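Read the structure below first, then the notes.
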Amino acid sequence: MEYHFKEIEKKWQAIWKDKKTFKADDASTKPKYYVLDMFPYPSGAGLHVGHPLGYIASDIIARYKRHKGFNVLHPMGYDSFGLPAEQYAIQTGQHPAITTEQNINRYREQLDKIGFSFDWDREVRTSNPEYYKWTQWIFIQIFNSWYNKTSDKTEKIELLISEFEKNGNAKVNAVCDDNVKLFSADEWKAFSEKEKSDVLMAYRTAYLGEAYVNWCPALGTVLANDEVKDGVSERGGHPVERKLMKQWSMRITAYAQRLLNGLDTLDWTESLKETQRNWIGKSEGTSLKFSIAGPEAERHEQYIEVFTTRPDTIFGVSFVTLAPEHELVAKLTTPEQKAIVEDYVTKAKNRSERERQADVNKITGVPTGSFVKHPFTGKQIPIWVGDYVLAGYGTGAVMAVPAHDERDFKFAKHFGLQLPQVIEPNREHDFEKDAWGDKEGTLINSEFLNGLDVKAAIKKAIEEIEKQNLGKGKTNFRLRDAVFGRQRYWGEPIPIYYKNDIPYALSENELPLVLPEVDKYLPTEDGEPPLARANNWKYKNEFAYEHSTMPGWAGSSWYFLRYMDANNKSVFADKKLLGYWNNVDLYIGGSEHATGHLLYVRFWTKALKDLGFIDIEEPAQKLINQGMITGTSEKIIFEGKIEKIDGVEIESFSSGNNIIFKNGKLFSFSNECPEDTFYSLDVIEHLAIPINTREKNVNISFVKNSILDVEKLSETAEFKNSAFIFKAGASYKGKFYKNDIFPNEPLEFKTRPDVEKMSKSKFNVVSPDDICDKFGADTLRLYEMFLGPLEQSKPWNTNGITGVSGFLKKLWRLAMQTIEAQSAAPPSEKAGDEASKAELKILHATIKKITEDIDRFSFNTSVSNFMICVNELTDLKCNKRSVLEPLLILISPYAPHITEELWNLLGHKDSIIFEKFPVFNPEYLIESNFTYPVSFNGKMRFNIELPVTMTPAEIEKIVLAHESSQKYLEGKAPKKVIVVPKKIVNIVV
RNA sequence: GCUUGGGUGGUGGAAUUGGUAGACACGCAGGACUUAAAAUCCUGUGCUUUCACGAGCGUACGGGUUCAAGUCCCGUCCCGAGUACCA
C-alpha cells in the first residue's frame with residue numbers, strides 16, 4: 001500500500017471537522033492548558049510559509065498536552081480591522097468588510113490544509129460587531145475609571161466623584177493631567193456640567209486630551225509611538241509629523257511601574273523583557289526649579305522646572321535649555337530676541353520627525369535673552385531654546401551641564417558657552433574634547449558637595465533640594481500615554497457622543513455602536529475623519545458621535561479572554577470560565593509586537609483586573625517569539641547609470657531611448673520607445689564604473705535560479721512595454737535583437753536575489769499550499785520544525801525537504817511491514833509481538849529524547865530523533881506493534897494525519913489524539929556494556945568496554961590494570977584518575 | 001552609543017550540568033537496481049598530509065582557569081535584532 005498523503009490528509013481533516021475533535025471542554029475535570037497564537041491580520045496576500053511556523057509549534061504543544069491528559073484550549077481568530085483593507089477600499093470603493101471576509105475565507109482554507117487542531121467554534125474576528133461590542137464596552141469601563149496612586153490601581157470614576165463631593169480634590173492622589181487645579185467640595189458642586197466633565201477628563205484612564213501626537217498626513221491619521229519607525233509610519237512608510245491635537249488617549253503611563261514589575265514574574269525571553277523595559281524607560285532623578293531672574297519674572301513669580309538624573313552636577317550648570325514647544329518660551333523671550341526666537345520655534349515645529357532625526361548631529365538653538373537664578377549660588381544663568389530638548393520628555397526643559405553631559409557639551413562648544421567642571425574624573429580625561437559623563441569621580445567646585453563621590457553627591461543633592469523646597473526626587477518614564485483615536489474608517493467606533501460639547505459614553509445596552517456606511521473612505525473636505533461622511537449617524541438622531549475610531553491594538557488587547565467564552569451574548573466572558581481558563585499558558589508570536597501589542601495587552605489585563613472583571617495580572621505566563629521566515633525576492637535593475645559594457649561606451653541609455661553603443665552597434669526597437677529598460681545582472685556587473693541602480697521586484701514565479709523568463713514577464717501588463725538588455729542582445733515586445741559584442745553569452749537574463757520579509761509587494765510570498773500539494777501537510781509541518789530553532793529567523797528554502805518527506809515514507813513502510821506481519825491479530829492480541837531488546841532500547845531512548853525535546857521547545861531536534869529512530873528500526877526490520885504504536889503517538893503531534901491513518905490501519909477505532917503519551921522505561925536504557933574512552937593527560941586514548949552498572953571505583957581499578965594503561969604508566973602510580981560515569985576515564989600521569 | 005542574541009564543515013544545524021565536536025538532514029562523490037529516468041537502497045564525505053595504516057590541525061581571534069573548554073573567565077573583531085538627542 002502506497003502512502004497517498006493527499007487522500008489521507010483530506011480524509012482526516014474532514015473527520016476532525018465533522019466530529020469537532022478539538023472542541024475545548026468548558027466543564028472538564030482535567031487540568032487546563034491554554035496555548036495561544038497571535039492571531040493574524042488577514043492580508044490579501046494570503047498565508048505565507050512564515051505564518052504557520054508558530055502555529056505548527058503551538059499545535060504540536062496543544063496535541064502533546066492532549067496526549068498528556070490536559071484539557072486544551074487552542075483557538076484561532078482574525079485581527080480583522082486594519083489599514084490595508086481600508087487603503088484598498090479607498091482605491092477601489094470596495095467595502096473593507098467584503099475584502100476582509102474574502103481574505104479570511106482564504107486564510108481559513110489555507111489553515112485547514114495544514115491540519116491544525118484549533119477549536120473553530122471559538123473563532124473571533126475583531127471587526128465583527130458581536131466582538132467589538134465588547135471592545136467598546138471595555139473602552140467605556142476604562143473611560144469610567146481613574147488611577148488611584150494610593151491604592152495603586154484603577155478605580156471606578158464614581159468613587160472619584162463622591163470624593164470630590166465630600167472633600168474636593170485636595171486629598172486625591174491620582175495619575176492625572178498636570179494642569180489640574182485644586183478645588184473644594186463646594187466648588188465642585190458649583191461647577192457646571194461642562195466644567196465637571198472637563199475636570200473628570202483630566203483623571204479618566206481613557207481620556208480626551210491635547211497633546212503632541214504623531215500625525216501622518218498620507219494616512220490622514222495619528223499614530224502611536226510604536227507605530228512609527230525611523231520617523232515614518234510602520235504601515236506604508238509615510239512621513240510622520242508632530243502635531244498638537246485633541247485626541248483620545250489611554251493613561252498607560254499610570255501602569256509604567258506595574259508593567260515593569262510584572263516582567264519579573266514572566267517566563268519570557270530576557271531580550272523581550274529588556275525591550276519592554278527600555279520602552280518603558282524608567283529613570284530616577286529629581287525635579288528642580290530655577291526661578292526666573294529680572295523684574296518681569298518677579299512680578300509673576302515664575303520658574304522653570306527641569307528634570308535631571310544628575311543633581312550632583314548642579315554647580316556645573318551654565319545654561320538652561322527649553323524645548324521649542326515649551327509654554328514659557330514666548331513669555332521669557334526678551335523683545336530684542338523676539339524675532340529670532342519666533343523664527344526658530346516656527347521652523348523647529350514644522351520639521352517632520354524624520355528631518356529632526358536625520359539632523360541629530362546638527363546643533364541649533366537661540367538664546368531667549370532672559371536668565372534664571374542658580375538655586376544655590378544665585379548666579380545668573382542664560383535661558384536658551386534648543387530642539388535637542390524634547391517637549392515630550394520630563395518637563396521639556398533641562399539644566400545644561402556641558403562639562404558632564406555630551407549633548408550639553410556639544411551645544412556649549414557650538415555657541416561658545418562656559419563649561420564649568422565639577423567632577424574630578426578618576427581616569428585621565430580631556431575636557432577640551434569631551435564631556436565626562438560617567439557616574440564616577442569626586443565632586444569639586446560644588447560647595448557642600450565637595451569631596452563626595454558621585455553616588456553620595458546625588459543623594460546629598462536631592463536631600464538639599466528637597467530641604468530647600470526647590471524640587472523633589474522623581475521618577476520619570478519614557479513611556480508616553482497611548483494615543484487611542486484614529487482618523488480612519490476601518491476600526492471600532494469609539495462609543496462616545498457629544499451633547500453640548502460634553503462627551504458621554506454610551507450605555508451597555510446601546511452597544512455595539514455599529515460602524516456606519518459611508519460613500520467614500522476618505523476624510524471629508526474639511527478634514528474630518530471618514531465617519532463624518534455617514535448620513536444621519538447621530539445618537540438619538542440628535543447628538544454627534546465621536547468620529548475617530550479605535551487603533552488596531554484595541555481588539556487584540558483582550559481577545560485572549562474572549563476565546564474563553566467566545567459566543568457569550570451577555571458578557572464579554574463568563575466569570576466562571578475566566579476563572580477556569582485563567583491565563584495563557586503558552587503564547588507564541590513574533591517579536592515585532594514587543595513594544596506594541598504585548599504592552600497594551602498587559603495594560604488592559606491589569607486595568608480589567610483592577611476593575612474586578614478578571615483575576616489575572618498578566619495575560620501570558622510563557623511566551624515564545626518565533627523567528628521570521630524571510631523570502632527570497634528577485635530584483636531587476638533599471639535606469640542604471642550605464643556608461644560602458646566591457647569597455648564599449650554607450651551613447652544613450654535612459655528609459656524611452658534606444659540603446660546605441662559608441663562603436664555603432666545598435667539596439668533599435670523599430671523606433672519605438674520602451675517605457676522602462678531593464679538590465680541583466682551580468683550586464684551591470686561587467687561595467688567598468690560603479691552604477692546607481694534602481695530596482696524593481698519581479699514575481700518569483702517568473703524566475704528560476706535567478707534567471708528571468710523574459711518572454712513570460714513581457715506578457716504581463718506591467719512589463720509589456722519594457723525592454724530587457726542581455727549581454728547577448730536585447731528583447732522588446734517579444735522580439736529579440738541580437739548584438740555581436742558577446743556572441744557566446746547564453747541568452748539568460750539574470751536577476752538579483754535578495755533575502756527580505758515576505759510580502760505581496762515584493763512578490764516573494766511562498767504559500768504553504770504549494771508545499772502541501774507537492775509533499776503534504778505532514779511534511780510541511782515536520783520541515784518547518786526541522787529548519788532550525790523556532791526562535792531563530794531564517795530564509796525559506798526547500799533544499800532539505802526531501803529529507804523529511806523521505807522520513808515519512810520510511811515510517812509508512814515500517815508501519816506497513818508491521819501491519820502485514822500482524823494483520824490478523826486485533827490490537828488486544830499480543831501474539832507474535834514480542835519486541836526484541838534492541839528494538840525496545842531504540843524506542844525508549846526515543847521516548848526519553850522526544851519528551852525532553854518538547855519540554856524545552858526544541859522541535860528541530862525532535863524531528864532528527866524521529867529520523868534516527870525510524871532508520872534504526874528499519875535496519876532491524878522491526879515489525880512489532882508494541883514498538884510501532886508508542887512511536888506513532890510520539891510522532892502524532894508533529895505529523896497528525898499519517899499517524900492517525902496508521903493508527904486506524906492498525907485496527908484502532910478511536911482517534912490517536914487522546915491516546916496516552918508513552919513514558920520511557922529506564923530499564924531498557926541501561927546497557928549491559930558501555931565503551932569508555934580512556935585518555936592519559938587528555939592525549940593518548942583507547943576504548944575499553946565495561947558494564948554500565950559498575951561503580952567509578954571498580955572502573956578505575958580495571959582501567960588501571962589494563963595493558964594499555966600499564967604500558968603508558970610504566971609501573972608508576974598515576975597522579976589522579978577521573979571517572980565520569982557513562983562518559984570518560986581520564987588519567988593524569 | 002546603549003541593550004540583547006549570535007559567530008561550529010560546502011549548506012541548514014546538533015552537542016543536558018565542562019567529559020569522544022560536527023548528531024540529523026541537505027549537497028557532493030562512488031556504487032546497486034533500471035533500456036532509461038524517477039523512486040529506493042548501500043558506501044564515503046571537517047581540513048591538511050599519506051597509496052595506505054596513521055599523524056597533525058580544527059567550534060571568529062588572542063590569552064587564562066582545568067586532568068579535560070564550542071561550553072567557564074579576561075580582552076579583541078565581526079554579524080543580527082531592538083532602541084536612541086530620554087537630560
Side-chain angles (χ1 to χ4, degrees), chain A residues 229-230 269-279 281-283 285 288 306-311 313 320-321 323 356-357 359-363 386-390 392-401 404-408 410-411 437 476-480 591-592 594-595 625 627-628 782-783 786-789 791-795 797-807 809-810 813 849 852-853 856 858 860-869 871 874 931-939 941-943 974-989:
Chain A
K229 295 259 150 78
D230 300 324
T269 60
E270 211 39 55
S271 69
L272 183 65
K273 289 191 200 176
E274 202 55 38
T275 305
Q276 290 214 344
R277 285 191 196 109
N278 288 343
W279 190 260
K282 182 178 179 174
S283 69
L288 182 56
V306 302
F307 173 76
T308 179
T309 56
R310 296 296 301 276
T313 61
V320 164
T321 315
R356 199 163 157 151
Q357 279 186 9
D359 296 343
V360 158
N361 291 319
K362 208 165 131 195
I363 296 152
D387 71 354
Y388 80 97
V389 179
L390 302 178
Y393 185 77
T395 59
V398 299
M399 58 176 229
V401 186
H404 303 288
D405 181 277
E406 206 191 315
R407 292 148 312 182
D408 296 343
K410 281 186 186 154
F411 196 87
N476 235 328
F477 293 95
R478 199 185 78 101
L479 186 72
R480 305 286 85 204
S591 58
E592 67 271 22
T595 52
N625 288 128
M628 191 171 51
L782 282 165
Y783 185 57
F786 184 68
L787 268 177
E791 286 102 328
Q792 196 172 299
S793 285
K794 51 227 154 191
N797 72 73
T798 50
N799 290 346
I801 202 162
T802 51
V804 280
S805 159
F807 156 72
K809 287 178 194 164
K810 269 188 203 170
R813 276 198 302 275
K849 280 189 268 184
E852 286 165 0
D853 286 342
R856 59 191 171 108
S858 181
N860 53 332
T861 51
S862 32
V863 179
S864 293
N865 286 324
F866 289 141
M867 291 185 186
I868 297 169
C869 179
N871 281 343
T874 304
T931 307
Y932 278 89
V934 182
S935 76
F936 295 89
N937 280 351
K939 278 194 169 171
R941 276 207 281 261
F942 70 95
N943 284 336
K975 259 192 210 155
K976 209 199 269 177
V977 181
I978 296 121
V979 178
V980 183
K982 291 184 78 181
K983 288 268 161 77
I984 195 166
V985 181
N986 215 315
I987 298 164
V988 187
V989 184

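Values in this document were obtained by computation on a predicted structure and should not be read as measured data.
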Pairwise [atom1] distance for [N] and [M], with rounding to whole Å:
N: B:A52; M: B:A68; atom1: P; value: 33 Å
N: B:U8; M: B:A69; atom1: C1'; value: 14 Å
N: B:U40; M: B:G7; atom1: P; value: 34 Å
N: B:G70; M: B:G22; atom1: C1'; value: 11 Å
N: B:C73; M: B:G5; atom1: P; value: 13 Å
N: B:C47; M: B:U34; atom1: P; value: 34 Å
N: B:U16; M: B:A60; atom1: P; value: 16 Å
N: B:C67; M: B:G31; atom1: C1'; value: 45 Å

Residue [X], side-chain atoms from C-beta onward, closest of [options]:
X: A:E852; options: B:A87, B:U16, B:G13; value: B:U16
X: A:F786; options: B:G12, B:C26, B:A68; value: B:G12
X: A:F307; options: B:U4, B:C67, B:A87; value: B:A87
X: A:R856; options: B:U4, B:A15, B:A87; value: B:A15
X: A:T861; options: B:A87, B:C24, B:A14; value: B:A14
X: A:K809; options: B:C41, B:A39, B:U4; value: B:A39
X: A:R813; options: B:C85, B:C24, B:U40; value: B:U40

To the nearest Å, give me how far apart [atom1] ([X]) and [atom2] ([N]) are.
X: A:K410; N: B:G1; atom1: NZ; atom2: C1'; answer: 10 Å
X: A:K794; N: B:G80; atom1: NZ; atom2: P; answer: 19 Å
X: A:Q276; N: B:U83; atom1: CD; atom2: P; answer: 12 Å
X: A:D387; N: B:C85; atom1: CG; atom2: P; answer: 11 Å

Taking only side-chain N and O atoms of [X], does any of them lie within less than 4.0 angstrom of OP1 or OP2 on [N]?
X: A:Y393; N: B:A87; answer: yes
X: A:R478; N: B:U83; answer: no
X: A:S283; N: B:A87; answer: yes
X: A:Q792; N: B:G13; answer: yes
X: A:N860; N: B:G12; answer: no

Just checking [X]: base, sugar-phosphate only, or nothing, at a heavy-atom cut-off of under 4.0 Å?
X: A:S271; result: sugar-phosphate
X: A:I978; result: base
X: A:T802; result: sugar-phosphate
X: A:K810; result: sugar-phosphate
X: A:N871; result: sugar-phosphate

Problem - Point-to-point distance, once rounded to the nearest 0.5 Å, from CG of A:N278 to CG of A:L479 - result: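 Going from CG on A:N278 over to CG on A:L479, the span is 12.0 Å.
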
Handout entry: Distance, nearest 0.5 Å, that separates OH of A:Y783 from OG1 of A:T802
Key =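 Separation between the atoms: 8.5 Å.
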
Exercise for the section: Determine if the base of B:G9 is syn or anti; take syn to mean the glycosidic torsion is within 90° of 0. Expected result: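 You should classify B:G9 as syn.
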
Exercise for the section: Using only heavy-atom distances, decide whether a donor-acceptor pair under 3.5 angstrom links the side-chain of A:N799 to the base of B:C26. Expected result: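 Not at all, since no donor on one side and acceptor on the other fall under 3.5 Å apart.
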
Practice task
For the pair A:T321 (side chain) and A:V398 (backbone), establish whether a donor and an acceptor sit closer than 3.5 Å, ignoring hydrogens and angles.
Solution key: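 A pair under 3.5 Å: no.
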
Practice task
Examine distances only and state if a side-chain atom of A:R813 and a backbone atom of A:T874 form a donor-acceptor pair shorter than 3.5 Å.
Solution key: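 Looks like no, no N/O pair under 3.5 Å.
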
Exercise for the section: Please work out which of the three classes, parallel, tilted or perpendicular, describes the rings of A:F807 and A:F866, given edges at 30° and 60°. Expected result: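 Ring orientation, 0 to 90° scale: parallel.
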
Problem - Partner nucleotide of B:C67 by Watson-Crick or wobble geometry (both distances under 3.5 Å) - result: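 Because both required distances fall under 3.5 Å, B:C67 counts as paired with B:G19.
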
Problem - Closest non-hydrogen atom pair between A:D408 and A:M399, with its separation - result: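 Nearest pair, atom of A:D408 first, then A:M399: OD2-O, 3.9 Å.
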
